[in-house]
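Notes follow once the structure below has been shown.
No experiment lies behind these values; they were computed from the predicted model shown. Numbers restart at 1 for each chain; the letters A, B, ... are given by sequence-line order, proteins then strands.
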2 protein chains.
Amino acid sequence: MIEADIFKALADPTRRKVFEKLAGGSLNASALRDGLEISQPAMSQHLAVLRAAGLVREQRQGRFVNYEVDPDGIATIGTWLARYRAYWPKRVEALADLLKDMDQ
Amino acid sequence: MIEADIFKALADPTRRKVFEKLAGGSLNASALRDGLEISQPAMSQHLAVLRAAGLVREQRQGRFVNYEVDPDGIATIGTWLARYRAYWPKRVEALADLLKDMDQ
DNA sequence: GCAACACATAAGCATACACTTATGTGTCGC
DNA sequence: GCGACACATAAGTGTATGCTTATGTGTTGC
């Protein structure tokens, strides 16, 4: 069950901050530490959790490792959330429009 | 930060099962225990966590307490997920359509 | 009132988890 | 090759969390 890994990964506030940083584009592990008061090993462990959950994927570039949002994780949350569309309130109707033009 | 409570609540597999049961309609605490091998106090504690997170709301009916999905929690996840619409893969495009006609 | 019921809360305990320090692996530039 | 760098992994530790048993609160029916 990969949903378990996803929600567990997002349960940690630091990992959510990291993930939300990546929403703006790919960054390497050191850049992700900026602003967050966290040790290098701690960040490495958090990134491992996010990657294991399928929320993030990595790309080695020399001695740097670039991380970016993995669409697979997003898709899993999206399809999970779709089960509850009957309970979606009207005020979030705009969200559906946003989702519609995701590929430009 | 209510997002913290939401993701923490959904990180537990039992609570996700409970929440997914409620996707089909409201149920009382005893009915929610059916199928899940869980004690009465454990269920009560899980429901308290889900309610504190805004994922579930209760409605007393005599000595029963009916629980149902709280649209507020769903909306919070939805708006959070909207930040990542750039990474939404094409294959989940259908989800957007589902969200569009949520109010019939 | 009182017994049975539906659920909530309290207290204690075992495990999971996020951190730390220390060390390992791989790359770059000289 | 070798030192500096970017990151990963190992091992240990304090705290959070989900469970248990026991008890409390409120409702129903007699």
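- Per the geometry, CZ belonging to B:R63 stands 7 Å off C1' belonging to C:dA6, to the nearest Å.
- Remark: side-chain polar atoms of B:K8 are not paired, donor with acceptor, to backbone N or O of A:A11 under 3.5 angstrom.
- Residue whose closest nucleotide on DNA chain C sits further toward the 5' end, between A:S39 and B:E58: B:E58.
- Phosphate contact (OP1/OP2 of C:dC7, side-chain N/O of B:R33, threshold under 4.0 Å): absent.
- Going from atom NZ of A:K17 over to atom P of C:dA18 covers 14 Å, rounded to whole Å.
- Side chain B:Q40 to base C:dA8: a donor-acceptor pair is found below 3.5 Å.
- Along DNA chain C, the nucleotide nearest B:A48 and the nucleotide nearest A:T14 are compared for position; the residue whose nucleotide lies closer to the 5' end is B:A48.
- Contact annotation: B:N28 reaches the phosphate of C:dC7 (side-chain N/O to OP1 or OP2, under 4.0 Å).
- Rounded to an integer number of Å, the gap from A:M43 CE to C:dT21 P is 16 Å.
- Neither OP1 nor OP2 of C:dC17 sits under 4.0 Å from any side-chain N or O of A:H46.
- One N or O on the side chain of A:T79 and one on the backbone of A:A75 form a donor-acceptor pair closer than 3.5 Å.
- If you take CG of A:D34 and P of D:dC7, they are 11 Å apart, rounded to a whole angstrom.
- Across D:dG18, D:dC7, D:dT20, the shortest atom-to-atom separation from the side chain of B:A42 is found for D:dT20.
- A sub-4.0 Å separation between OP1 or OP2 of C:dA6 and a side-chain N or O of B:S30 is absent.
- Heavy atoms only, all atoms of each residue included: B:D70 and B:V56 are closest at CB-N, 3.7 Å.
- Judged by distance alone, with hydrogens and angles left aside, the side-chain atoms of A:K21 form a donor-acceptor pair with the main-chain N or O of A:D34 at under 3.5 Å.
- If you measure from atom CG of A:N66 to atom C1' of D:dC7, you get 12 Å, rounded to the nearest angstrom.
- Using a 30° and 60° split on the angle between ring planes, A:F7 and A:W80 fall in the perpendicular class, above 60°.
- Projected onto DNA chain D by closest heavy-atom contact, B:R60 and B:K8 fall at different nucleotides, the more 5' of which corresponds to B:K8.
- The side chain of A:Y67 places an N or O atom within less than 4.0 Å of a non-bridging phosphate oxygen (OP1 or OP2) of D:dA8.
- Checked against D:dA4, C:dA10, D:dA8, the side chain of A:P41 finds its nearest nucleotide in D:dA8.
- The side chain of A:F64 lies closest to D:dC7 when the candidates are D:dC5, D:dC19, D:dC7.
- If you check every strand for non-hydrogen atoms under 4.0 Å, B:R51 touches nothing.
- With rounding to whole Å, A:L47 atom CG is found 15 Å from D:dA6 atom P.
- Using a 4.0 Å cut-off between charged side-chain N and carboxylate O, B:R83 and B:E3 make a salt bridge.
- No hydrogens or angles were tested; on distance alone, a donor-acceptor pair under 3.5 Å links the side chain of B:Q45 to the base of D:dT20.
- As rounded to whole Å, 13 Å separates atom P of D:dC7 from atom CD1 of A:I38.
- Protein atom CZ of A:R16 is 14 Å distant from nucleotide atom C1' of C:dA18, rounded to whole Å.
- Listed pair A:S44 / D:dC7 fails the phosphate criterion, with no side-chain N or O lying under 4.0 Å from OP1 or OP2.
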